[in-house]
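Worksheet for the structure shown next.
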Amino acid sequence: MDSAGYLSKHDVVFNAPVTQPKSGLTVGNGRVGAMVWDTSNGFTMQVSGVDASQEGFASQGWVSLSTQPGLNTGYSTFQQRLALYDGVVSTQYDSNRTVTLFGAPNSEVLGIHVEDSRSGVSSISVDLSLWDVSAFGGGDVPDITPWRTVSTFVETSTVGLSRGQGDANRFGYTLAATVEGASFTTQFVNGSRVRLTIMPTSSYTIWIACASRLNAPGNDSITQAKNLLSSVKSTGYSTVLNNYKNWWHSFWNRSFVQYSNASGDADYLESFYYLSTYIIGSGAYGNYPFHFINGVYSAVADNDSGKWSNAYWYWNQRDVYHSFLASNHAEVVNTFNNLYSRNFSALKSYTLTRYGIDGIWVPETMGWDGNARGTIYSDYTQDTLSTAAEAALNMYSQYKYTQDAAYLSGTAYPFMKEAAKFYAGKLSYDAGTGKYYMASSNVHEQHWDVQNAITDLAAVRSLFPKVIQVRSRAGIKFQFAGARDRAHQCRHGPGGSHRGEVPSA
């Protein structure tokens, strides 16, 4: 099929400049993203990286381009387009100015390419800046001080600013910039702003690195930012853009959906599907998941109460990822599942401490390192028990789709087993009815401290049979008799006769 032609009908097109940041278009390369909106004499992008801070609570700053006369002045026609198939945002002012926003695939770099054939352009400047973070509070971090501390550097070839450099968990970042295709000078403006001044020319590319400490050798994001910029600059605009487009083409060519009905409602739904898939895919290839609040996109200061990103809510995160097996992107789902499997030991240890059970309970509101601080102090979530089963079944779904036996035996099944062991340890036995039951738990945030919560019944019905089935396969050597016996009794009663039910009130 003609994927490029088909997806073009779902492009997002603005025929007038967008001045409200929260309405800006999005561009991302799988690890780093930015929202863009119209500002005085040009535009501003707010840049974010999926691995730059815990649960994406801190975005990385503004990149503002302005010219004299203004890039966005003196025109009669305007069009800004997010072309989904290419992953590119392009802005056209008349026929003499085009700005292309894109990225470097498998990297933490974005690019801004400008074609400006106007005569009489006297100045071009690019500012990297941050809002005031001196009183910033937020995020599940051991020490907020590094996130209130901004450092800058200004060198002949590069400018940049950094934050979170002393974060004990190796988060933190450096936002840096350089220019290809034009001569330029660098300048320190103030403690949270640095500038590139570009010699006016008809064609140039601004490279932006959003280097995370987490992904930098030796956690040195400053050196990593400089190296990333040097690499893309030597590769060159044309090649990087072509590689970026090919990356998105490969992403889209993995699957296809078409919805239709007489009224046209389905066509709108189809557009929404493709746009949502693009937004999530543009931030789904880091070490940590695309957070359900803003992922790699933000257009507000970090202290905005709407960010709400001090942990991962499983109930919300699952909705971000649940379409990606059906759309043939198991690698995207794997990033989500890794959040839980990588914290296997921490979760098992905490479960023993809190419940005295040898198994795994997953906090519904979980920090990047498996901590439960967002759960245990909330009446809404502290007694939700089904999250581990949901996470385990999500891993099992990944195995079923990929048929990766090594993933099943090394990752999915061990987690499934521990989640089932937790439930086996929590169930109580009613000798009068001959059935096991859940004495008290929350049905997520809706009903608190009820007996036999529907979420727990669903977890037992769904998880236990799969654990038993997988255990019986060749190559799975784990011993699991206790929980298997309880699963059997939950499904059939202690005597083994089939009752067609699980524990009930």
Side-chain angles (χ1 to χ4, degrees), residues 50-57 138-144 146 164 167-172 212-215 219 286-292 309-318 320-321 333-378 380-396 398-399 407-426 441-442 459 463 467 478 480 483:
V50 69
D51 292 328
S53 63
Q54 293 88 335
E55 294 90 39
F57 83 96
D140 182 26
V141 298
D143 181 8
I144 197 65
D167 185 274
N169 300 316
R170 299 181 295 119
F171 289 96
S212 62
R213 291 181 63 222
L214 196 68
N215 294 318
N219 306 126
N287 287 302
Y288 285 92
F290 183 102
H291 194 275
F292 68 94
S309 52
N310 64 311
Y312 297 98
W313 272 253
Y314 190 90
W315 196 248
N316 298 34
Q317 283 292 147
R318 65 178 193 157
V320 174
Y321 282 91
V333 176
N334 186 58
T335 299
F336 179 38
N337 286 339
N338 276 347
L339 176 66
Y340 298 92
S341 61
R342 68 154 57 103
N343 285 305
F344 181 97
S345 297
L347 291 168
K348 188 169 169 61
S349 176
Y350 186 75
T351 302
L352 188 62
T353 298
R354 186 181 188 202
Y355 292 101
I357 294 174
D358 179 24
I360 281 183
W361 167 81
V362 170
E364 172 62 21
T365 304
M366 190 185 84
W368 67 277
D369 59 352
N371 77 73
R373 287 186 288 273
T375 292
I376 60 175
Y377 301 116
S378 169
Y380 288 91
T381 57
Q382 64 178 341
D383 293 326
T384 298
L385 305 182
S386 61
T387 310
E390 294 177 62
L393 289 168
N394 212 32
M395 295 176 199
Y396 182 72
Q398 180 179 326
Y399 155 70
Y407 179 78
L408 175 65
S409 61
T411 301
Y413 178 74
F415 204 98
M416 294 166 65
K417 182 186 79 165
E418 296 300 327
K421 285 170 61 181
F422 169 73
Y423 261 119
K426 280 293 289 181
S441 68
N442 285 10
L463 179 63
V467 173
F478 302 103
F480 192 40

| query | With a 4.5 Å heavy-atom cut-off, do Thr384 and Trp315 have their side chains touching? | reply | no

| field | Within-4.5 Å side-chain heavy-atom neighbours: Tyr288 and Thr335 | value | no

| said: Between Gln382 and Asn442, is there a side-chain donor-acceptor contact under 3.5 Å, judged purely by atom types and distance? | reply: no

| query | Ile357 and Leu352: side chain to side chain contact (heavy atoms under 4.5 Å, CB included), yes or no, with the steps? | reply | CA-CA 5 Å; Ile357 294 174; Leu352 188 62; 5.8 Å; no

| task | For Tyr321, check side-chain hydrogen bond (donor to acceptor under 3.5 Å, both in side chains) against everything at least two apart and list the hits. | result | none

| note | All heavy atoms of Ala459 vs all of Ala389, minimum pair found to be CB-CB, 3.7 Å

| query | Are the side chains of Ile144 and Val141 in touch, meaning some heavy atoms are under 4.5 Å apart? | reply | yes

| field | Results of side-chain hydrogen bond (donor to acceptor under 3.5 Å, both in side chains) for Asn316 - residues two or more places apart only | value | none

| request: Kindly assign one of parallel, tilted or perpendicular to the pair Phe292 and Trp313, based on the angle between their ring planes and the thresholds 30° and 60°. | output: perpendicular

| said: Once side chain to side chain contact (heavy atoms under 4.5 Å, CB included) is applied, do any residues pair with Tyr380, and if so which ones, sequence neighbours excluded? | reply: Ser378, Glu445, Trp448

| said: Looking only at the side chains, is there a donor atom on one of Asn169 and Asp369 sitting less than 3.5 Å from an acceptor on the other? | reply: no

| query | Do the two ring centres, one from Phe336 and one from Tyr314, sit under 6.0 Å apart? | reply | yes

| Test side chain to side chain contact (heavy atoms under 4.5 Å, CB included) applied to Met416 and Tyr396, step by step | CA-CA 8 Å; Met416 294 166 65; Tyr396 182 72; 3.7 Å; yes

| field | Pair Glu55, Asn310: side-chain N/O donor-acceptor within cut-off below 3.5 Å | value | no

| pair Asp143-Asp167: side-chain heavy atoms closer than 4.5 Å | no

| Considering residues at least two apart in sequence or located in another chain, which fulfil the salt bridge (charged side-chain N to carboxylate O under 4.0 Å, His left out) criterion with Arg373? | Asp140

| query | Taking the six-membered ring for Trp, are the ring centroids of Tyr355 and Trp361 within less than 6.0 Å of each other? | reply | yes

| remark: salt bridge (charged side-chain N to carboxylate O under 4.0 Å, His left out) pairs touching residues 381-391, sequence neighbours excluded, are Arg318-Glu390

| task | Taking salt bridge (charged side-chain N to carboxylate O under 4.0 Å, His left out) as the test, write out the residues that go with Asp358, two or more places apart. | result | Lys348, Lys421

| said: Under 6.0 Å between ring centres: does that hold for Tyr340 and Phe344? | reply: no

| said: Run the side chain to side chain contact (heavy atoms under 4.5 Å, CB included) test on Ser386 and Tyr423 for me, step by step, so that the C-alpha distance in whole Å, both residues' side-chain angles and the decisive distance to 0.1 Å come before the verdict. | reply: CA-CA 9 Å; Ser386 61; Tyr423 261 119; 3.5 Å; yes

| Given the rule in the side chain to side chain contact (heavy atoms under 4.5 Å, CB included) test, do Tyr413 and Tyr399 qualify, once you have shown the distances and angles that lead to the verdict? | CA-CA 10 Å; Tyr413 178 74; Tyr399 155 70; over 6 Å; no

